[in-house]
Amino acid sequence: MGFNNTQGGTVHMVCRNKGRAEEARAAIVNESGNTEVFIHIVDLSQTHKVSQFAENFKKQFSSLNVLINNAGCMLHKRELNAEGLEKNFATNIMGVYILTQTLIPLLQMSRDPRVITVSSGGMLVQKLRFDDLQSEKGSFDGLMVYAQNKRQQVVLTEQWAKANPLIHFSVMHPGWVDTPAVSSSMPEFHHMMGERLRTVEQGADTVVWLALSRVVSRMCSGQFFQDRQPVPTHLPLAWTHSSADEMQTFMNRLETIARAVQSLPHSNPDQE
């Protein structure tokens, strides 16, 4: 991703791998000349540690202008984290939910606060499964679980937008980008798409635009974007729509899980 030094932003990168995070930071500083880039080592699949990080960040800083939820995973076997949560759900949903919910007070202190969540067009084939958040029913298909998580992110964004009118929420599909995650989790798709896959810069374009463009703040909050345009969250005549009650049940269940995790005794997080 190209960073423009004229923006003068302070960037906090929440990363899982310290070595790769430091390489990315060095590249950003070298290209932009902006040294205000800070690394926080957090595994988004470790729900309690996400909660600890968010609480500590809230104590340390007085405001936050933009939150970009970009971490994600696609595991093809059902695995549980230390809190007993299925890891795809823990990373793609609970990490996003707890981080965003905890940091909303900081966002509200900014003049033009925004939250952008990186979803996927794969969500179009999924209806919200509000009664099976942990993918316990039926056979486990990692690709479909991922797509379900991405539908959940769309619903989350729509509900957050309604509940927090002072913050601009958006969710987006970056297109199919040639990343190590795509090649490792979907090798056949990666091979089939070949040179039609987007570059990392192309994939990041709409994220950066949603974060920085003045035009965005005048657009409706809670929309799904692709290539800088709001696009429908359901295919024509699709069966994927959910009722208001179903979406509220989903939100209530996320809050119940979050409270259970946050009630666990806090240990001192590792200083990396």
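Going from atom CD of Gln101 over to atom CG of Leu103 covers 10.0 Å, rounded to the nearest 0.5 Å. We find the NZ-CE distance between Lys150 and Met144 to be 13.5 Å, quoted to the nearest 0.5 Å. The distance from the CD1 atom of Ile98 to the NE2 atom of His48 is 9.0 Å, given to the nearest 0.5 Å. If you take NE2 on His234 and NZ on Lys127, they are separated by 9.5 Å, rounding to the nearest 0.5 Å. Here the CZ atom belonging to Arg114 is positioned 8.0 Å from the CG atom belonging to Leu210, to the nearest 0.5 angstrom. Thr10 OG1 to Phe61 CZ: the interatomic distance, rounded to the nearest 0.5 Å, is 8.5 Å.
Residues Ile28 and Val11 have side chains not in contact (no heavy-atom distance under 4.5 Å, counting atoms from C-beta outward). Residues Ile257 and Tyr97 are not in side-chain contact: their nearest non-hydrogen atoms beyond the backbone lie 4.5 Å or more apart. The closest side-chain heavy-atom distance from Val216 to Trp209 is below 4.5 Å. Here the side chains of Phe169 and Thr100 are in contact, with some heavy-atom distance below 4.5 Å. Contact check for Gln153 versus Met123: no side-chain heavy atoms found under the 4.5 Å cut-off. Counting heavy atoms from C-beta on, the side chains of Gln152 and Leu133 come closer than 4.5 Å. Between Met74 and Leu143, the closest side-chain pair of non-hydrogen atoms falls below 4.5 Å. Contact of the Asn81 side chain with the Thr47 side chain is registered, since non-hydrogen atoms from C-beta on lie closer than 4.5 Å.
Closest of all the heavy-atom pairs between Cys73 and Tyr146 is O-CD1, 3.3 Å. Here the closest heavy-atom approach between residue Phe224 and residue Ser120 is recorded as CZ-O, 4.2 Å. Closest of all the heavy-atom pairs between Ala54 and Leu99 is CB-CD1, 4.0 Å.
A distance-only check finds a donor-acceptor pair linking the side chain of Asp43 to the backbone of Ser45 [under 3.5 Å].
Transitive grouping of hydrophobic side chains (ILVMFWY, heavy atoms separated by less than 4.5 Å) keeps Val154 and Trp160 in distinct clusters.
Between His40 and Phe57, the two ring planes are perpendicular [angle over 60°; tilted spans 30° to 60°].
For CE of Met219, the number of neighbouring non-hydrogen atoms (other residues, nucleotides, ligands) closer than 6.0 Å is greater than 12. The environment of Arg16 atom CZ is sparse: at most 12 non-hydrogen atoms of other residues, nucleotides or ligands sit within 6.0 angstrom.
Salt-bridge formation is detected for the pair Arg259/Glu255: a Lys NZ or Arg NE/NH1/NH2 atom is positioned less than 4.0 Å from an Asp or Glu carboxylate oxygen. The pair Lys137-Asp131 meets the salt-bridge criterion, with a side-chain N (NZ, NE, NH1 or NH2) lying under 4.0 Å from an Asp/Glu carboxylate O. We find that Lys58 and Glu55 are joined by a salt bridge, their nearest charged nitrogen and carboxylate oxygen being less than 4.0 Å apart.
Of the candidates Thr157, Asn92, Thr117, Thr117 is the only one forming a side chain to side chain donor-acceptor pair (under 3.5 Å) with Asn69.
Defined by atom type and a distance below 3.5 Å, a donor-acceptor pair is missing between the side-chain atoms of Glu86 and Gln134.
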